[in-house]
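Here is the structure we will look at.
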Amino acid sequence: MLGYLLRRAGVTLALLALVSVIAFAVIKLMPGDYLTQYQMSLPAELLDSLREQYGLDQPPLIQYGRWVSGIVTALDFGYSFENQRPVLEVLFTSGDRLFWSLILLLAATITSFCVALPLAIYSATHPKGIGSMLTNGFSLLGISIPNFLTALLLLYVLVSVLQVGQLGLGVAGLFDPQYVDAPWSWEKLLNLLWHLWPAVLVISFANIAVLARYLRAQLLEVLSQPYIQVARSKGISERVVLWRHALRNALNPVLSLMGFWLPSMFESTLVAAVILQLPIVEGAFWQALGRGDQYVVLAGLIFFSVVLFVGNFISDILLAWSDPKIRYE
Amino acid sequence: MSNLLGRLKSSWLGLIGFFVLLALALIALLADFLSPYPADELHADFSSTPPVLTQIHWTDPETGDSGPFLYGSQKIRNPFTSKVEFKEDTSLKIPINFWVHSWSYKFLGIWSSDLHLLGTSANTASSAGLFLFGTDKLGRDLFSRILIGTRLPLILGILVALFSIGFGVFVGGISGYFGGALDLLLQRFTEAFMSLPRLALLLVLTAAVPIGWTPQYRFWGLVAAIALVGWAPVARVVRGQVLSLREESYVAAAKVFGASSAHIIWKHLIPNTMSYLIVAATLIAANAVVLESTISFLGFGLQEPNVSWGLLLQSAKSIPDLQLHPWVLIPGCFLAMAVVGFNFLGDALRDAVDPRMAL
Amino acid sequence: MNLSKYLTSRVVVLGVLLGALALALTAPATTFGQGSGAAVDNPLVVSAASMPDGLGKSGGTLIMDNISDPQTFNPITARDDGSDAILKLINAGLMARDGSVAVAESFNIAPDETSVTFTLRKGIKFSDGTPVTAEDVRFTLQDVIFSANVNSSKQAWLLNGQFPNVQVINDSTIKISSSVPFPGLLSNLADTPILPKHLLSGSVQSFNQAWSIVTPPSQIAGLGPFVIKSYTPGQQVVLARNPYYWKTDSSGVQLPYLDQVILPVTTNDDVRLLRFLNGQTDVYPPRPQDLQSIRDKSADGFNVVVQPAGTADSNVFSFNEDAADPNLQKLFRDERFRQAMSYAADRASMISTGLDGLGEPRYGPGISSEYFIGDDADFPQYAFDMSKARQLLDQIGLTDSNGDGVREFPSSYPQPGAAVQFELLTVQDSSVLINDATIYSQALKSLGINVTATPVAFNTLVTRLLNSKTPQYQVARITISFSGDPDYLGDIYAAKGTLHFWKYSDAQGQAVPDWQNQVQQLLTQQTVESDPSKRFDELKQFQQVVAQHVPLVYLYNAQAMQADRKDRIGNFSGTERSVTLLNPDYIFHK
């Protein structure tokens, strides 16, 4: 196991290196070069020190080397010329962007599971009912319709049909102004939840369909397995069969879902961040893209890849640990 | 292949998908004929007009004549909100005509024509317009724009599928056939591409497009970028299939007879992966349409004067606009239809080929 | 140069900035009063009559969205609206915008008009409690603004190429003198915040980096009604009242009325509207398309004021006369072509679709201010007329020789036979600019000119327009916002001006057209002109020449709008350029 882990980590690191090269090459395609672009707007001394630090007047290979060594030695992801601050701050730490990104990811994941699981169980155990057909139709549509369109439809329903705007739909930011600097309290938590729910709804809505469809397929397969038949023939109640035997076995493969779960989450989170103005990593990445703030874009690309790698890595380990059939040599 | 189609017939979802796509393809082909207005024609007096689809009258209450007509509309700029409001003017009747000769276009880029399915006579243009789905802020007819906007997404979907498959087959075929160090290298390369965050990479790639590019260049750039993020899974599957196929006896026989590697890959191995490739192409096209609309919606993809559904949906990005002009969401229905069509067809094809196929 | 002062991506801005006033015209408008409990011995008293809703009450918080994160807290080097909105609230100058006194208690103009002596308000202190002295004023001008090391706005201070002389007479008296009368002096001082020497003297060498957004608020002090309390990047800036502020109301209550101003960072226009409608903010500068949603809620206290057109903004299409393409360069330098381009601009459609009718067409740099008469009937107007545009294009020799619907360049051009086409830059997410560009390219297409309209990020546009020797664009749709002070016109209209982004200057040794020299001469002349009526005539002539030769295709002036919650806020009289509160000191919370 340890050997497998080490080898797996090694491959991941190698991949990461390759990804960083690809990302850097792509970024270098972006128009504009810092030195001329910011000639007028940034003080000369600052530009000189940045030129020195990142080798901006050097060939791309040296620039890449400087950038990588900055990350490795000092966690320095580069400089945001637009914000005149280090990338690390712009993308992650300022306003706790990273923290809120992860909170949203977690909240949306939990919400998706909580909705998708009952849906999947229902449609797997009642394969012939009208409800099952509706569930299937819903998940097929949910998979097909692009995330941004789902988000738009949802917002339209929230704002225009249900008129939640009248109550103060929590758009822009995660708190009302008076709570941003306030110490934590029940009111602050409630305020956070009030701001969080439209975002969580938008992010998880599209993913519920994906998850429900996948879970249902897994459940159907497990339910047709011989050991389930045996359990049923022994007279064990259908509930116990479902919860004890079927679900546990069906959830295993779900762990391997992380690989496509995270990118799908990223897509809807980005759309939510753009439309709802959320102060999260995706939002900062989006702004940087529009302004051509290259180091921020680069760091964002690397960050999202790392999240993916870590997600895959964890799901592999969980799989290895939970499924005795899988052996890693 | 015929077997595949035969089995497809038994899947009604697949058939729905097929016919939806067929309908959209026909719309794309006949868009000019079906559109009452040129897609880029401005009607500044009809800025943000609501859809008139619901205001079509079928019988005249006075004369009892039948036949669809609209009432003229009076534009009133509300002095308080400064918005133009449209009021039906029942004294003016504007018949909707079929087989109208109005603006000219070139069918398939070759034959000139000015025949259109629907239209109103030109001298009533100032009092009402046949804006079935309403207009955008510049007063452009949304119905006509949606129809024309069918073309680019469909063409793009097909092109991306072709390019992704082509490149995937190339890399996967070489990788699987030759094996060894080359295989290892190509595999890592493929894996790196698969592990990149797709949308983020695509956004960066499209943001990197030089400002001076014309809309045509941008279109091809977008095709290339979407294909670039989509070829890797194809390469992986093709590699696996080629890897197992090359052990087959007929490949060994071909080798003995001195067939070149290219010949073996092209004539013996690839045809055997064909059914997989057809399925993959359908699903890649669906994905490409989704990605194109997402990127265009976010403002990094196609650009005016090009028209695509995602681009049309851009005006729904602003929540207040969405509230005041909900009809800007109509292009979304067409987008959803296209993607659902591709997905249904792809799913059905996959079930017909091999339900356990990993994609 | 403070670029953002001139180029804005928004179209709706408030045009209540007053231009510079000549020395001879200004009279101190101070009312003297005994302030009870005032922080200053001799506070400036704001009369109840000058407040729209009368005297207010102290306390409360005002919430107003800030359009972006501030880039700096340094009022001298700030060049973005996100910083400006905050810095204008925490700083003040010797004089006020309307030519009345502010931090100065009084001033005295020497008979020969070459020097002015200012007396500081007695007992006046910075927001950290340190007394303000004449040395602080000298420091601000001589050590900071006039310093070559500092990225400051210097052009308006140069008189015949020289900075004025600043002389400390005693702790509270300072004399500013120049070789010739300096008509722009008082208005320049209104735009110049007085800096605390005791906090900044250590960083004169690296002044550009001083007072960055990471500087602790306790180390930042100013003379404005508020001080920075906290800043959470990406979320909000909180300002608290300046306890040492130098104004009271006529009943002696210390100003500002508000305890706090909270400025949440909200970069998206639509979200700002939504937040205002949801009651999360108290004031909002609406765009034309927002009017309907806000007025629908007028029963709930939502109030919109539409001001007549006449903002200091110029909405223009700019043709780069130094374009890299030799054909286009020659074409854009041809006055007839620019006139044709003005004929092709359907201003009425732009106003009715993009601005919902809330604007007025413009054909020249007409700006309502003391010295500007707007578009005069005598001025040439190349108003929308496609047939005249077509005529002019034919006259230039641009004809469609191969019948493809696009005109080609004639043989007199460097690359004859090439199709006439160019790229038109606009700003991403600015629906109004994109609107205009679409209407325009449509019209040009029917004239046989191919236009590719490309939206780019605002900063990219600014970079392409300004940040290199020759501007890197072909055609751009931009908004030049302008303070109304004629002294700054030279930056834009003089061939060597830093903001002369359509260049064709004598920089490359090419002779510029006569009218360009005339513009330059008129602008230099008026800066030193102390006779107001002569100055008026010179500026009128300037406008006439510009309207005639169309260096820019002028489109329209947008009507400015302000919205606030009448049920919550009193004495709100608008914002400057949609960004900064105009009267932060006596707005109050009901």
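The analysis underlying the following values was restricted to heavy atoms, covering all of them including side chains, and did not include hydrogens, waters or symmetry mates.
Residue B/A200 touches chain A through both its backbone and its side chain, counting heavy-atom pairs closer than 4.5 Å. For A/L18, the part lying under 4.5 angstrom from a heavy atom of chain B is the side chain only. Of the two parts of A/F304, the backbone and the side chain both hold a non-hydrogen atom closer than 4.5 Å to a non-hydrogen atom of chain B.
Not a single donor-acceptor pair under 3.5 Å links the side chain of B/S296 to the backbone N or O of B/S293. Side-chain N or O atoms of B/S164 include none that pairs as donor or acceptor with a backbone N or O of B/A161 at under 3.5 Å.
Per-residue counts of heavy-atom pairs under 4.5 Å with chain B were compared for A/V274, A/L153, A/I22, A/N147; the largest is that of A/I22. Contact count against chain A (heavy-atom pairs under 4.5 Å) is highest for B/A316 among B/A336, B/A338, B/A316. Taking A/V271, A/L149, A/L298 one by one and counting their heavy-atom pairs under 4.5 Å with chain B, the maximum is reached by A/L149. In terms of heavy-atom pairs under 4.5 Å with chain A, the best-connected choice from B/L335, B/L329, B/L298, B/L313 is B/L298. Contact tally against chain A (heavy-atom pairs below 4.5 Å) for B/L291, B/T294, B/N343, B/L205: the top residue is B/T294.
Side-chain rings of A/F77 and A/F303 stay apart, their centers remaining 6.0 Å or farther from each other. Annotation: B/F300 is in aromatic contact with A/W286 [ring centroid separation under 6.0 Å].
The shortest side-chain heavy-atom distance between A/L91 and A/R97 does not fall under the 4.5 Å cut-off.
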- [ ] Before giving the answer on side-chain hydrogen bond (donor to acceptor under 3.5 Å, both in side chains), spell out for B/S315 and B/D136 the whole-Å C-alpha distance, their side-chain angles and the decisive distance to 0.1 Å.
- [x] CA-CA 8 Å; B/S315 43; B/D136 64 6; over 6 Å; no

